[in-house]
Amino acid sequence: MLPLLTTVRDNQEQIRQELINSLAKQFSLTDAERNELLPSGKQRKFDNRVGWAATHLVKAKLLISTGRGRLKLTDRGLAELNLNPVLINSIANLFEI
């Protein structure tokens, strides 16, 4: 989740497909890796994983959905990034109780 959050860091609205492309390039994914499908055969696995990461980050209020397929960093997300985390692999501790 951290790579997605840092990719949105510029605090401008981002288009999800552009984020997916940027992350794929960042991870140096091959075409085969990019085009690997879920078992259902209906969606690319990498796109699905980025989508789920975005969903979790929106639920944790680190990102906000500004429209269909559009994301933006929240003040809370910026504050979290300013802590210079090494890893964000669970959002349970980010939810306000």
Side-chain angles (χ1 to χ4, degrees):
M1 286 184 264
L2 183 58
L4 175 58
L5 199 60
T6 56
T7 302
V8 185
R9 184 174 208 144
D10 68 5
N11 208 25
Q12 299 295 316
E13 181 181 74
Q14 302 285 324
I15 298 171
R16 185 177 302 215
Q17 191 57 51
E18 290 175 5
L19 290 168
I20 290 170
N21 293 339
S22 177
L23 288 165
K25 186 174 180 179
Q26 178 182 334
F27 288 116
S28 303
L29 297 183
T30 65
D31 287 341
E33 291 167 327
R34 264 313 297 282
N35 292 317
E36 182 181 352
L37 297 176
L38 293 172
S40 68
K42 296 184 181 198
Q43 187 181 21
R44 292 187 294 186
K45 186 184 257 186
F46 185 72
D47 296 14
N48 177 271
R49 299 305 187 256
V50 174
W52 276 111
T55 296
H56 291 298
L57 292 169
V58 167
K59 287 183 179 227
K61 299 181 181 170
L62 301 180
L63 294 178
I64 187 171
S65 177
T66 56
R68 185 176 173 97
R70 297 177 184 278
L71 298 167
K72 185 175 179 186
L73 188 67
T74 63
D75 291 339
R76 182 176 177 169
L78 182 58
E80 185 68 27
L81 283 175
N82 286 336
L83 295 174
N84 295 316
V86 177
L87 178 69
I88 297 178
N89 64 355
S90 172
I91 60 166
N93 61 336
L94 298 173
F95 284 104
E96 294 177 26
I97 298 174

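Every heavy atom of this structure was used, including side-chain atoms; hydrogens, water molecules and symmetry mates were not.
- A salt bridge (Lys or Arg N to Asp or Glu O under 4.0 Å) check over residues 47-58, counting only residues at least two apart or in different chains, returns the pairs Arg34-Asp47, Arg44-Asp47.
- The side-chain hydrogen bond (donor to acceptor under 3.5 Å, both in side chains) check on Ser28 picks up nothing, with sequence neighbours excluded.
- Rounded to the nearest 0.5 angstrom, Lys61 NZ and Thr74 OG1 are separated by 9.5 Å.
- Contact detail for Gly51 and Arg16: the closest heavy-atom pair is CA-NH1, 3.5 Å.
- With rounding to the nearest 0.5 Å, the separation of CG in Leu5 from NE2 in His56 is 14.0 Å.
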Which side-chain N or O atoms in residues 62-71 pair as donor and acceptor under 3.5 Å with protein atoms at least two apart or in another chain?
{"from": "Ser65", "atom 1": "OG", "to": "Gly67", "atom 2": "O", "distance (Å)": "3.3"}
{"from": "Thr66", "atom 1": "OG1", "to": "Glu13", "atom 2": "OE2", "distance (Å)": "2.5"}
{"from": "Arg70", "atom 1": "NH1", "to": "Glu13", "atom 2": "OE1", "distance (Å)": "3.4"}

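- Cluster annotation: Leu4 and Leu29 are assigned to the same hydrophobic cluster (Ile/Leu/Val/Met/Phe/Trp/Tyr, side-chain heavy-atom contacts under 4.5 Å, transitive).
- Clustering ILVMFWY residues whenever any of their side-chain heavy atoms sit less than 4.5 angstrom apart, transitively, puts Phe27 in a cluster other than the one holding Trp52.
- Checked against side-chain hydrogen bond (donor to acceptor under 3.5 Å, both in side chains), Glu18 has no partners two or more places apart in sequence or in another chain.
- Asp31 pairs by the side-chain contact (heavy atoms from CB on, under 4.5 Å) definition with Asn35, not counting sequence neighbours.
- Hydrophobic clustering, with ILVMFWY side chains joined whenever heavy atoms are under 4.5 angstrom apart, groups Leu2 together with Leu78.
- By the side-chain hydrogen bond (donor to acceptor under 3.5 Å, both in side chains) test, Asn48 is found to be paired with Gln43, residues two or more places apart in sequence or in another chain being considered.
- Remark: Gln26 pairs with Pro3, Thr7, Leu23 by the side-chain contact (heavy atoms from CB on, under 4.5 Å) rule, at least two apart or across chains.
- A pairwise comparison of heavy atoms in Leu73 and Val8 identifies N-CG1, 3.6 Å as the closest pair.
- With rounding to the nearest 0.5 angstrom, the CD1 atom of Ile88 is 9.0 Å from the OG1 atom of Thr6.
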